[in-house]
Number of protein chains: 4
Amino acid sequence: MARKAGSDGSRTAEAIRAAGLRLIYEHGYEGMSLRDLAQAVGLQPGSLYNHIATKQALLFELVSGHMCALTEALDAALAGVEGPLARLDAFVAFHLRYHLDRKMEVFVNNSELRSLEPDNRAAITAMRRDYERRLADILATGAAEGVFVVPDVPVTSYAILAQLTGVASWYQPDGRLNAEAIIALHRDLVMHGLTGRRIPTAGG
Amino acid sequence: MARKAGSDGSRTAEAIRAAGLRLIYEHGYEGMSLRDLAQAVGLQPGSLYNHIATKQALLFELVSGHMCALTEALDAALAGVEGPLARLDAFVAFHLRYHLDRKMEVFVNNSELRSLEPDNRAAITAMRRDYERRLADILATGAAEGVFVVPDVPVTSYAILAQLTGVASWYQPDGRLNAEAIIALHRDLVMHGLTGRRIPTAGG
Amino acid sequence: MARKAGSDGSRTAEAIRAAGLRLIYEHGYEGMSLRDLAQAVGLQPGSLYNHIATKQALLFELVSGHMCALTEALDAALAGVEGPLARLDAFVAFHLRYHLDRKMEVFVNNSELRSLEPDNRAAITAMRRDYERRLADILATGAAEGVFVVPDVPVTSYAILAQLTGVASWYQPDGRLNAEAIIALHRDLVMHGLTGRRIPTAGG
Amino acid sequence: MARKAGSDGSRTAEAIRAAGLRLIYEHGYEGMSLRDLAQAVGLQPGSLYNHIATKQALLFELVSGHMCALTEALDAALAGVEGPLARLDAFVAFHLRYHLDRKMEVFVNNSELRSLEPDNRAAITAMRRDYERRLADILATGAAEGVFVVPDVPVTSYAILAQLTGVASWYQPDGRLNAEAIIALHRDLVMHGLTGRRIPTAGG
DNA sequence: CATGAATGAGTTTTCATTCAT
DNA sequence: TATGAATGAAAACTCATTCAT
């Protein structure tokens, strides 16, 4: 009937996004019903429409929100870092750290692109390319300067991204290795793969 | 009403599996309706049930069928190959070639595990572990013999698998690079990452 | 494909009737599927149609078969019995004994008339009236001769039939009372209700 | 699409129960489709689910609602009536009058128990036993006090209940006999059966 | 801003029945 | 006679969405 005591529009909207992310992560976009979502946030299904336009708009909001935040954070992490070696190292560390903290966002962004309507999908794909180009640029510069051995820049950058992003699919915060150990390990693996040398920050 | 002249059970069943794989790849398990599937194979929806028990059983059949064939083919590819270097090389080449030919199977096997019912999911997870252990064994042997630098066997094997499997997500048979070029590139990348040396077969 | 070794048309048809009766008793006509029935007799669903015309025809066959046998057996039981007292007594004993042996037929004949198509239902209703008239005739004769107190022949005959037929709904062959005890008890109850006297055959 | 102007939830729910009772009476539980039910109350099939949980829950609600009301009304009818003769007489009159007014409830309660899921059936069976025990108690008391001749209390109470309940299956409100005449006739029949005497209230 | 009742199209699955083999 | 593959209609139920209150 009227507003529940203590409810608050923007808090409700945020709760919807949080629950929506979790439910899409667990059941997929097609597998999440708005009834489930409404129940998760303590509303009737119809009430969701005071906060979202459609189910599809919610998905787009989640996916594009993640991409925006990701790219922005990357730019902050790379700001002021100079030289391909240092920038690659920073990229690897940033990408892993960011993704390990956001298992659900990562999975949804990888698995649910096909559930986006064509226009929405095109927008997201452009954002992804934008992000991936930053790694490709680092690799290209490093190859041009002779510090990396990169037979094919696009393929190599995809390979690195797949390797790093894949970690989110098995990482457990309370597992055998903590995040920092995993990050160190992959910095080494990537750097070694491109240069044959141990990463400089390792002191070796 | 009755059997169409010339219809054949096993051919229909195979057509259902093929169309089911494609539709799940395109729309996801939840996103594929049995109406769509029936239309794709030229049947009425109810007629599907002469060939499958349930929609879930079809998914399990596709996913487990892929895992069985994959493991069997790997064992054939590794048979008689001796030494960690050669075995790793053979693994990379096999895994990539097999996956590049099966974009749809790969995507479905990675994205739709969450749509399997608990028992079915457990069975598939066990099969995956079985496959992954073959790579881990190669890495462990190579590390023990001192030919690989492997700080952590499970993490490294996941990293390699993610890197290789990820190729299927962007590979286009008629793209800029053909399959053999991609395979060569990744053999190098992986081998270099673990040994610091070019792969022996590359002649360098 | 071909006939199963050892199968026999009329034996199969009888098995279908037996299983059909049991399944309709357990689940109702609408609740019994021909798939269930086929499985119960070890056939594929389509094969049933070598033995029955339609599901409805099977129901009619079961229901009308029971009514025919019932009426014929009653006539045999009453043949040569003279006088309203003796005939009523014979009716009660016969009706109870016959119904106690045929729980399933009784229930189906009472509950599934509504599932008969109009023409079939009309035929069965006529057969039931035919059977019931035999009791009504006994009561009318007894009332005319002054041996029964029967304020209303149709109502009283329905009351007696309901009372006797109802026994089949709770009777258990291995229960506390055996069939003969139950029959004796109801002969007494009915006779007492109509005459105020103990039944003559009880020796009292 | 949304709520029809002037629609009212509780009125709709009641209409669903009323139409559901009639349709189950006419076609049986398995034979009633929710499409038919929706049409009978002027809704789309899916809209029924705003008022019922499942088809089975509707059946249980109808059947248990009847049993509750029946038992409560019986207790009211027997309240303050003393002595087995008077209580039996009151029971017969009450049971008949209540059942003659509720042909459909009676039939559904007798025929559709098998369509209840096990737990629901067990609950109804317990309620029935509760009701039947009230008659059995009257008979037992009367037998102990020597006013009734009751060779076997359970069998006799079932016989009386079957006789009385059976009336609902043929009674027509505009038939040859009105309800009061039928009630009088059965009071006499039952009382006579147990005592050999006319009912005291008949003044004879 | 929330509710509850509604829609209409959709879901997976089952059904009685048919008929080429 | 039996099978197995098919039909077309229907089943119970769910869905995203709408809107009067």
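Below, all heavy atoms of this structure are taken into account, side chains as well, without hydrogens, waters or symmetry copies. Per chain, numbering begins at 1; letters A, B, ... match sequence-line order. Nothing here was measured: the structure is a model prediction, and the numbers come from that model.
B/Thr54 has no side-chain polar atom (N or O) that falls below the 4.0 Å cut-off from OP1 or OP2 of E/dT12. Checking the phosphate oxygens (OP1, OP2) of E/dG8, a side-chain nitrogen or oxygen of D/Gln44 falls inside 4.0 Å. Between A/Ser47 and E/dT3 there is a side-chain polar atom (N or O) within less than 4.0 angstrom of OP1 or OP2. For the OP1/OP2 pair of F/dG4 and a distance below 4.0 Å, the side-chain nitrogens and oxygens of B/His51 include no atom meeting the criterion.
Residues C/Tyr49 and C/Leu34 have side chains in contact (heavy-atom distance under 4.5 Å, counting atoms from C-beta outward). Annotation: side chain of B/Asn50 is not in contact with side chain of B/Thr12 (no heavy-atom distance under 4.5 Å).
Summarising the geometry, the separation between CG on C/Leu23 and P on E/dA16 is reported as 11 Å, rounded to the nearest angstrom. Distance CZ (C/Arg11) to C1' (F/dT1): 14 Å, rounded to an integer number of Å. The distance from atom CD of C/Gln56 to atom P of E/dC15 is 18 Å, rounded to the nearest whole Å. Distance C/Leu58 CG to E/dT17 C1': 15 Å, rounded to the nearest Å. Between C/Leu34 atom CG and E/dT18 atom P there is a gap of 11 Å when expressed in whole angstrom units. Atom CG of A/Asn50 and atom C1' of F/dT18 are 12 Å apart (whole Å). Distance D/Lys55 NZ to F/dT14 P: 14 Å, rounded to the nearest Å. Look at CG on C/Leu48: it is 13 Å from C1' on E/dT18, rounded to the nearest Å.
Among the nucleotides F/dG4, F/dA11, E/dT11, the one closest to the side chain of D/Ser33 is F/dA11. For C/Tyr49, the listed nucleotide lying nearest its side chain is E/dT17; candidates were F/dA5, E/dT17, F/dT3. The nucleotide whose nearest atom lies closest to any side-chain atom of D/Arg35 is, among E/dT17, F/dA12, F/dT7, F/dA12. In this structure, the nucleotide among E/dT13, E/dA2, F/dA2 sitting nearest to the side chain of C/Leu43 is F/dA2.
Each of D/Asp36 and D/Gly46 was assigned the nucleotide of DNA chain F with the nearest heavy atom; the assignment lying further toward the 5' end belongs to D/Asp36. For the pair B/Pro45 and D/Tyr29, nearest-nucleotide mapping onto DNA chain F gives the more 5' position to B/Pro45.
Exactly one of B/Ile52, B/Leu58, B/Thr54 qualifies for a side-chain contact (heavy atoms from CB on, under 4.5 Å) with B/Gln56. That residue is B/Thr54.
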- Task: Step by step, work out the side chain to side chain donor-acceptor pair (under 3.5 Å) result for C/Gln44 and C/Ser47.
- Result: CA-CA 5 Å; C/Gln44 295 298 316; C/Ser47 306; over 6 Å; no

- Which is it for C/Glu112 and C/Lys55 under the salt bridge (Lys or Arg N to Asp or Glu O under 4.0 Å) test, yes or no, and what are the steps along the way? CA-CA 13 Å; C/Glu112 300 302 342; C/Lys55 190 187 179 191; over 6 Å; no

- Task: Starting from the C-alpha separation in whole Å, work towards a yes-or-no answer on side chain to side chain contact (heavy atoms under 4.5 Å, CB included) for D/Phe60 and D/Ile124.
- Result: CA-CA 8 Å; D/Phe60 181 69; D/Ile124 299 301; 3.7 Å; yes

- Message: Quick one, B/Asn109 with B/Arg102, criterion side chain to side chain donor-acceptor pair (under 3.5 Å). Give me CA distance, side-chain angles, the key distance, then yes/no.
- Response: CA-CA 11 Å; B/Asn109 267 59; B/Arg102 291 170 180 80; over 6 Å; no

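Every side-chain contact (heavy atoms from CB on, under 4.5 Å) that B/Glu26 has, sequence neighbours left out, goes to B/Arg22, B/Leu23.
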- How does DNA chain F read in dot-bracket, base by base from 5' to 3', with Watson-Crick or G-U pairs under 3.5 Å and | used when the partner is on another strand? .||||||||||||||||||||

